[in-house]
Amino acid sequence: QVQLVESGGGLVQAGGSLRLSCAASGLTFSRYGMGWFRQAPGKEREFVSAIGWIGANTRYADSVKGRFTISRDNAKNTVYLQMNSLKPEDTAVYYCAADRSRIPTSDRAEYDYWGQGTQVTVSS
């Protein structure tokens with residue numbers, strides 16, 4: 001059974017940083033692209049960032065480019081999202097997801113497995 005478990009969310013002031021982690025089990029992690037999405041209240045779930053199988057290829061939403069960094073450790077079956085210079089508009093539930101594609105994708109429909117999410121709240 002595939003499980004994706006996010007952690008690292010919390011409450012932070014604007015300008016602060018958080019590091020999200022997503023631990024995967026039940027799949028061959030190194031053969032899955034990994035993505036982060038977020039969903040704010042009343043809004044659709046949106047793409048944040050994605051990383052390919054070995055971490056060489058990454059993608060970012062324009063809204064987080066230059067502030068967020070995605071990385072992965074295949075030995076630990078874990079993907080990370082380092083979030084710096086956080087803004088109140090980054091407030092959302094953040095989800096990690098796994099996709100069989102070698103190339104990172106921003107298409108939510110391409111992802112096969114999803115975590116339960118972790119809340120990130122940025123105060124002004």
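For the pair Phe68/Leu86, a side-chain contact is recorded, criterion being any heavy-atom separation below 4.5 Å from C-beta on. Looking at heavy atoms from C-beta onward, Leu4 lies in side-chain contact with Met34 at the 4.5 angstrom threshold. Residues Tyr95 and Arg108 have side chains not in contact (no heavy-atom distance under 4.5 Å, counting atoms from C-beta outward).
Expressed to the nearest 0.5 Å, how far OH of Tyr60 lies from CH2 of Trp36 amounts to 12.5 Å. Between the CZ atom of Arg19 and the CE atom of Met83 there is a distance of 11.5 Å, given to the nearest 0.5 Å.
Contact record, Val120 with Leu20: CG2-CD2, 4.0 Å, taken as the closest heavy-atom pair. The two atoms that bring Trp53 and Gly33 nearest to each other are CD1-N, 3.5 Å, heavy atoms only. Shown here for Ile70 and Thr58, the closest heavy-atom pair between the two residues is CG2-CG2, 3.7 Å.
Checked against side chain to side chain donor-acceptor pair (under 3.5 Å), Gln119 has the following partners two or more places apart in sequence or in another chain: Thr121. Looking at residues two or more places apart in sequence or on another chain, you find a side-chain contact (heavy atoms from CB on, under 4.5 Å) between Val2 and Leu27, Tyr113. Under the side chain to side chain donor-acceptor pair (under 3.5 Å) criterion, Gln82 pairs with Asn84, not counting sequence neighbours. The side-chain contact (heavy atoms from CB on, under 4.5 Å) check on Ala92 picks up Arg38, Ala40, Tyr94, with sequence neighbours excluded. Residues satisfying the side-chain contact (heavy atoms from CB on, under 4.5 Å) criterion with Ser101, sequence neighbours excluded, are Asp99, Ile103. In this view, Glu110 satisfies the side chain to side chain donor-acceptor pair (under 3.5 Å) rule with no residue, not counting sequence neighbours. Taking Ala14 as the reference, Pro88, Val122 meet the side-chain contact (heavy atoms from CB on, under 4.5 Å) condition, with sequence neighbours excluded. Legend: residues meeting side chain to side chain donor-acceptor pair (under 3.5 Å) with Lys65, ordered by chain and number and at least two apart, are Asp62. Residues satisfying the ring pair (Phe, Tyr, Trp, His ring centres under 6.0 Å) criterion with Phe47, sequence neighbours excluded, are Phe37.
Listed by first and then second residue, the salt bridge (Lys or Arg N to Asp or Glu O under 4.0 Å) pairs involving residues 67-84 are Arg67-Asp90 (not counting sequence neighbours). Counting only residues at least two apart or in different chains, side chain to side chain donor-acceptor pair (under 3.5 Å) contacts with residues 20-32 comprise Tyr32-Arg100.
Of the possible donor and acceptor atoms, one in the side chain of Tyr111 sits under 3.5 Å from a partner among the backbone N and O of Thr105.
A continuous path of ILVMFWY side-chain contacts below 4.5 Å connects Val93 to Trp114, so both sit in one hydrophobic cluster.
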Could you go through residues 6-13 and list every donor-acceptor pair under 3.5 Å that involves a side-chain atom there, pairing it with any protein atom two or more places apart or in another chain?
unit_1: Glu6; atom_1: OE1; unit_2: Gln116; atom_2: N; d: 3.1
unit_1: Glu6; atom_1: OE1; unit_2: Gly117; atom_2: N; d: 2.9
unit_1: Glu6; atom_1: OE2; unit_2: Cys96; atom_2: N; d: 2.9
unit_1: Glu6; atom_1: OE2; unit_2: Gly117; atom_2: N; d: 3.2

